[in-house]
There are 2 protein chains.
Amino acid sequence: MFSVSARTQYAIRAMAHLAGGEGHGATSAEIASAEGIPAKYLEGIMSRLKLSGLVESERGKHGGYRMIGEPEDISMLSIVEAMDGSVKPVNCVDAVGTCSQGNGCLPRQFWIGLKKAIDNYLEEHTLKDVTEG
Amino acid sequence: MFSVSARTQYAIRAMAHLAGGEGHGATSAEIASAEGIPAKYLEGIMSRLKLSGLVESERGKHGGYRMIGEPEDISMLSIVEAMDGSVKPVNCVDAVGTCSQGNGCLPRQFWIGLKKAIDNYLEEHTLKDVTEG
DNA sequence: GTATATTCCTACTATCCAGATAGGGATATG
DNA sequence: CATATCCCTATCTGGATAGTAGGAATATAC
Ligand code: FES
Ligand code: FES
């Protein structure tokens, strides 16, 4: 239950690899090889990381990816959301009025609370926590 | 991300229905009809709830299901686990030694922390919270 | 003891999606 | 021009989830 996608786990490893490399940079192929991630699959992951503003890229020879900012400033939540979107236990957490009970719907309050508990934990922890402790 | 299965949501509605009924009891067909849950699908759900010790059952005429205990004593975690097993963000949370880093593996510590955050929230909340507030 | 209402069991189908692959286009270097 | 890289789109596949089908076991009622 509540298992994390392989994509997210790959993304964390990729970011950790960037954090460890000099200048916080590396090519997609390098990361794939070093971390044992399917190269073509990783390309899509790096693309998402870029869309979310976690890395920047340069094409052509001597191109590659570089982390934006420092590991201690990159929350795990930002990585998770970059891969699979925001935490949403049930659809109605951000769609008020879908059920008859309106805003006072107790199950909805319960799920929103769960979302917050998860979001808080992920927001409190950064890339640094999973690389250096 | 981290979406809850329809099965779990059905199970909560079913338990809430039992909690509301007199003697905390009802038949599967009653619940299905009242809550708008596919009848045959619900049968499997009730079976799981029974296996987990959350309800008891009686067959034959005048049979049905009855909640064991009171709503305030039934944690949401117990319902979630009855449906989809224990919270396990990644496989290695309960399988130490799968990765090279052994027990000090930082990502593992991170995921275990997430599991605990989720478990705590779900354990703290009971069926009563989603029915009466 | 037959009809009926229920839980219980096994198997099947359909649909979706994560994971992965394939092929090539765009762009920068040299 | 040759090469290395990021980038885009399409496709395949396995497994899981949601739901269906049919009936066996069991308890009650008349
Ligand atoms: S708003 Fe989702 S159950 Fe009421
Ligand atoms: S034990 Fe899971 S990543 Fe190390």
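We use all heavy atoms of the structure for the numbers below, so side chains are in, but hydrogens, waters and symmetry mates are not. Numbered from 1 within each chain, the chains take letters A, B, ... in sequence-line order.
- B:K128 contributes no side-chain N or O that, together with a main-chain N or O of B:P71, makes up a donor-acceptor pair within less than 3.5 Å.
- Side-chain proximity of B:Y65 to the nucleotides D:dC6, C:dT7, C:dG19 is greatest for C:dT7.
- Under the 4.5 Å side-chain criterion, counting only non-hydrogen atoms from C-beta, A:N120 is not in contact with A:E123.
- Taking CD1 of A:I12 as the reference point, atom NE2 of A:H17 lies at 16.0 Å (rounded to 0.5 Å).
- Remark: P of C:dA28 and CZ of A:R59 are 7 Å apart, rounded to the nearest angstrom.
- In this structure, NZ of A:K61 is placed 18 Å from P of C:dT27, rounded to the nearest angstrom.
- The interatomic distance linking B:D84 (CG) with D:dG15 (P) rounds to 19 Å, in whole Å.
- Per the geometry, NE2 belonging to B:H62 stands 11 Å off C1' belonging to D:dA27, to the nearest Å.
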Output a table of donor-acceptor pairs, distance under 3.5 Å, between side-chain atoms of residues 4-11 of chain B and any protein atom two or more places apart or on a different chain; print 'none' if there are none.
| unit_1 | atom_1 | unit_2 | atom_2 | d |
| --- | --- | --- | --- | --- |
| B:S5 | OG | B:T8 | N | 3.1 |
| B:S5 | OG | B:T8 | OG1 | 3.1 |
| B:S5 | OG | B:D84 | OD2 | 2.7 |
| B:R7 | NH2 | B:M83 | O | 3.2 |
| B:R7 | NH2 | B:D84 | OD1 | 2.7 |
| B:T8 | OG1 | B:D84 | OD2 | 2.9 |
| B:Q9 | NE2 | B:V4 | O | 3.2 |

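- The backbone N or O of B:A29 lies less than 3.5 Å from no partner atom in the side chain of B:S33, so there is not a single donor-acceptor pair.
- Side-chain contact between B:T27 and B:I31: absent, with no pair of heavy atoms (C-beta onward) separated by less than 4.5 Å.
- Comparing B:S28 and A:V4 against DNA chain C, the residue whose closest nucleotide sits nearer the 5' end is B:S28.
- Take the nearest nucleotide of DNA chain C for A:S5 and for B:G64: the residue whose nucleotide is more 5' is B:G64.
- Close to C:dA20, at under 4.0 Å from its OP1 or OP2, lies a side-chain N or O of A:Y10.
- Comparing C:dT27, C:dT6, D:dA18 against the side chain of B:T27 picks out C:dT6 as the nearest.
- Using a 4.0 Å cutoff on non-hydrogen atoms, the parts of residues 36-58 of chain B near DNA chain C are B:K40, B:E43, B:K50, B:S57, B:E58, ordered by number.
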